[in-house]
Every structure is written in structure tokens, then in C-alpha cells.
Amino acid sequence: MAKVTRDDVARMAGTSTAVVSYVINNGPRPVAPATRERVLAAIKELGYRPDRVAQAMASRRTDLIGLVVPDARQPFFAEMAHAVERVAAERGKMVLVGNSDYLDEREVHYLRAFLGMRVSGLILISAGLSEHAATEIDAWDARVVLMHRRPEAIDDVAVVLDDVGGAQLATRHLLEHGHEYVACLGGVEETPKHGDPVTDHIEGWARAMREAGKSTEGRLFQSPYNRYDTYRVALGLLTRPDRPTALFCATDDQAIGVLRAARELDIDVPGELAVVGFDDVKEAGLTDPPLTTVGSDREAMATAAVELVLDDTVRIPGTRAAGVPGGKGRVRQFPSGLVIRRSCGCGPA
């Protein structure tokens with residue numbers, strides 16, 4: 001059987017191939033409802049399937065969005081990727097996901113691969129955009145949106161959370177429970193990175209401690225971001241003679257590791273140890289006890305990121321270094337809020 005073409009659809013619908021294209025691509029020009037119905041009926045009767053490869057070659061764009069995350073095994077990134085994929089699907093786009101594993105070279109690998117596929121745009125959740133990655137982005141005609149991490153350049157487009165404010169809320173809440181001080185479980189980096197969410201969580205914790213007249217000296221501990229390694233770190237921390245009675249964790253996954261260690265050591269949470277996390281992953285409500293944490297509207301953040309990456313006015317190639325007037329308005333910050341459960345010492349939510 002001969003392959004059905006756009007010309008065949010146009011003949012059956014009694015219209016031009018351009019109108020058929022407008023219907024298939026939902027634009028760029030409007031089509032009268034009656035004409036649209038005729039075209040859709042012809043497409044269905046003929047079994048026409050658009051040649052996406054040919055369309056991409058003609059337009060130098062695909063219906064793909066690239067999404068690079070540090071580690072999709074971590075609940076926060078998995079839930080964020082799912083939200084982005086759902087929003088993109090509503091807009092007729094597919095999402096390609098790559099895991100950088102917090103490695104600059106892996107991040108550059110996916111940047112080069114996705115941009116080479118002529119994706120419609122790229123959403124980058126980065127541990128810290130390297131100079132090599134920035135150079136790779138500027139070499140392509142592509143729209144790039146940073147997500148989760150505050151930008152370093154004025155013309156960067158980003159969707160971020162109020163990480164500092166959220167960490168302050170969490171630390172203040174624990175202090176209000178009467179603890180002498182709140183310890184913090186941060187990341188693995190000795191030198192803070194600009195715009196890194198975990199660095200901001202630590203800053204928020206430190207600000208709240210200073211406001212309360214509390215010292216942070218010796219009360220910040222390093223840990224990997226996943227629950228498995230954090231569990232081992234927590235076993236050591238919680239067997240110290242001076243173990244803390246309250247602990248703010250930079251991520252929920254870390255907090256889950258702490259809860260597991262506390263249970264194994266027969267330390268009552270929250271009676272002997274109050275714990276608060278950050279991210280409000282779905283699993284946080286199912287831990288024992290349920291985890292108090294800092295949450296945000298991930299669906300709204302995903303929607304903003306997809307809208308920005310598909311907006312033709314967002315990215316002007318080659319302007320990273322020079323800056324763009326009004327560039328600061330391209331950073332959309334979402335508020336964070338405390339989700340109170342039982343691990344902090346409050347009653348059931």
C-alpha cells in the first residue's frame with residue numbers, strides 16, 4: 001500500500017497542504033472549526049501519520065525537550081522529571097531525560113547529545129554549570145532554562161525555589177520546640193557553590209541560628225544526598241556522646257536515611273531526636289514517623305519551566321556573557337512552605 005501523504009489528506013479535505021499543516025501543528029495560523037473537522041476526518045479515514053523526522057529537518061526543530069537531572073533515582077528529581085514530562089505532553093512535546101550523576105563531563109555529554117538532536121529546548125537541573133557546559137550551550141541555537149539552581153549570569157533563564165527562606169522556616173520551627181540548638185546535615189562540598197540549593201539550605205539554617213543567638217560552630221555535618229550513604233553517616237553522628245536533639249536535613253532523602261538510622265539505634269523520633277527535611281517528596285508522608293519538611297508547588301514550577309523553554313523570546317543565542325536588558329525578570333522564584341507532620345515534635349497533621 002502506498003504511503004499516505006499530506007497531499008492526500010488535503011485532496012480529501014478539499015483544502016491546501018498548508019492548512020493541513022496548520023491543523024497538525026496547531027498553528028501558526030488559525031483554521032476555521034469546520035475546515036479543521038474535515039482535515040481531522042480525512043486524517044483518520046486515510047490513517048495519515050506525520051513524518052516527524054522530515055518535519056524536524058525542515059524546521060530544524062523536533063518535538064523533543066531535553067531534561068538533564070543529577071540523579072533520577074533520587075525522589076525529588078524523579079518527581080520533578082515526571083511533572084515536566086506531564087506538562088510537556090500537554091503541549092505536544094516529548095521529554096528526553098539524561099542523568100549527569102553530578103559529573104561535569106556527563107552533563108556536557110547530554111547537553112551535546114540533546115542539542116545535536118535539535119530539541120525544542122533544554123531544561124537543565126545542574127549541580128553547577130561548568131564553563132565547558134556554558135560554552136556548549138552558547139554554541140547552539142537553543143533555548144535553555146535552568147531549574148532548581150539560581151543562575152550566575154544576569155541573562156540566564158531559571159525557575160527556582162526560595163531555598164534560603166524555606167530552610168529558615170524549618171530551623172526556626174525546630175528552635176521553637178525548645179531545642180538548645182539545631183544541627184544541619186548539608187552536602188558533601190566543603191566549598192559552597194553559588195546558587196546551589198543545598199548551599200542555600202545551609203545558609204537559611206545559619207541565618208535562623210544567628211537570629212536566635214545560636215552558634216553554628218561544629219554543628220554542620222557533611223553527607224551525600226542519598227538516603228543510603230546518609231544512613232551510614234547518621235549511624236556515626238547519632239552515636240556521638242554530644243549527639244544533637246534536633247536535625248535539619250538539606251534533603252528529604254537524607255532525612256529518610258536519618259530516620260532509618262535512628263530506628264536501628266532505638267532513638268525515639270521526635271522524643272529524643274527531632275528531624276525536618278526539605279523537598280516534600282511523596283514518601284515523606286509515609287515514613288515512620290511522617291516527616292516534617294519544606295515543600296513547594298512542583299507542578300507550577302514544571303509548568304513555568306516548560307513554558308519558558310518553548311517561548312521563542314526566552315533565549316537569544318550568544319548573549320550569556322553580554323547580558324540582556326531586563327534579564328533579572330527571567331528568573332521565576334516560587335515560595336516554599338513548611339509541611340508539618342510528626343517528626344519535628346508536632347501532633348499528627
Side-chain angles (χ1 to χ4, degrees), residues 62-104 106-129 133 137 142-151 156-161 163 166 187 195-198 201 224-228 250-256 277-286 293-311 314 332-334 336 339:
T62 64
D63 287 332
L64 302 173
I65 292 175
L67 172 64
V68 181
V69 300
D71 187 351
R73 295 172 300 181
Q74 293 184 24
F76 174 81
F77 297 125
E79 292 177 19
M80 187 62 79
H82 185 272
V84 168
E85 183 179 24
R86 184 192 61 75
V87 174
E90 291 175 352
R91 288 153 178 76
K93 304 293 183 181
M94 294 180 63
V95 178
L96 299 174
V97 181
N99 289 270
S100 69
D101 291 331
Y102 296 97
L103 299 173
D104 289 343
R106 188 73 57 80
E107 183 173 85
V108 171
H109 163 76
Y110 280 113
L111 287 174
R112 184 178 294 120
F114 290 165
L115 294 173
M117 293 177 185
R118 293 292 179 179
V119 293
S120 294
L122 188 69
I123 298 174
L124 180 60
I125 302 178
S126 177
L129 198 62
I137 290 171
R143 292 183 294 281
V144 178
V145 174
L146 301 180
M147 195 173 189
H148 187 51
R149 181 183 179 87
R150 287 187 291 110
D156 279 331
V157 181
V159 175
V160 299
L161 179 66
D163 290 288
D196 177 60
V198 170
H201 297 172
Y225 301 126
N226 67 80
R227 68 187 68 181
Y228 311 105
T251 73
D252 281 353
D253 223 30
Q254 290 174 318
I256 291 170
F278 201 113
D279 289 334
D280 193 28
V281 300
K282 292 185 183 301
E283 194 174 351
L286 299 177
T293 183
V294 178
S296 59
D297 190 343
R298 273 195 287 278
E299 291 294 320
M301 292 178 69
T303 298
V306 172
E307 288 177 348
L308 284 168
V309 87
L310 296 179
D311 183 351
V314 163
R332 299 188 185 179
Q333 184 181 74
F334 286 78
S336 54
V339 182

Heavy-atom side-chain contact between [X] and [Y] under 4.5 Å:
X: L310; Y: S120; result: yes
X: D163; Y: F278; result: yes
X: V306; Y: I123; result: yes
X: M301; Y: R332; result: no
X: M147; Y: I125; result: yes
X: L67; Y: V97; result: yes
X: I256; Y: E283; result: yes

From [X] [atom1] over to [Y] [atom2], what is the distance, rounded to the nearest 0.5 angstrom?
X: E299; Y: M80; atom1: CD; atom2: CE; value: 9.0 Å
X: R118; Y: L64; atom1: CZ; atom2: CG; value: 13.0 Å
X: D101; Y: E107; atom1: CG; atom2: CD; value: 11.0 Å

For [X] against [Y], the heavy-atom pair lying closest together:
X: R143; Y: V309; value: NE-O, 2.9 Å
X: R106; Y: N99; value: CG-O, 3.2 Å
X: V198; Y: A250; value: CG1-CB, 3.8 Å
X: G277; Y: A255; value: CA-CB, 4.1 Å
X: D63; Y: G92; value: CB-O, 3.9 Å
X: A78; Y: A72; value: CB-O, 3.3 Å

Check: [Y] main-chain N/O paired with [X] side-chain donor or acceptor under 3.5 Å:
X: S336; Y: G295; answer: no
X: D252; Y: A284; answer: no
X: E79; Y: K282; answer: yes
X: R298; Y: D279; answer: yes

Atom OH of Y228 with >12 non-hydrogen neighbours under 6.0 angstrom:
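No, OH of Y228 has 12 or fewer neighbouring heavy atoms, counting only those of other groups under 6.0 Å.
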Using a 6.0 Å cut-off, check whether atom CZ of R86 has over 12 heavy atoms from anything other than its own residue.
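Counting neighbours around CZ of R86, more than 12 heavy atoms of other residues, nucleotides or ligands fall under 6.0 Å, so yes.
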Just to verify, what does Q333 make a side-chain hydrogen bond (donor to acceptor under 3.5 Å, both in side chains) with, not counting sequence neighbours?
none
Before you tell me yes or no, could you show the steps for V145 and E307 under side chain to side chain contact (heavy atoms under 4.5 Å, CB included), namely the whole-Å CA-CA distance, both residues' side-chain angles and the distance that decides it to 0.1 Å?
CA-CA 10 Å; V145 174; E307 288 177 348; over 6 Å; no
Salt bridge (Lys or Arg N to Asp or Glu O under 4.0 Å) involving D280 - partner list, sequence neighbours excluded:
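D280 satisfies salt bridge (Lys or Arg N to Asp or Glu O under 4.0 Å) with R341 only.
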Tell me, with the steps shown, if T251 and F76 meet side chain to side chain contact (heavy atoms under 4.5 Å, CB included).
CA-CA 9 Å; T251 73; F76 174 81; over 6 Å; no
Listed by chain and number, what are the side-chain contact (heavy atoms from CB on, under 4.5 Å) partners of Q74, not counting sequence neighbours?
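By the side-chain contact (heavy atoms from CB on, under 4.5 Å) rule, Q74 matches D71, F77, Y102, Y225, D253.
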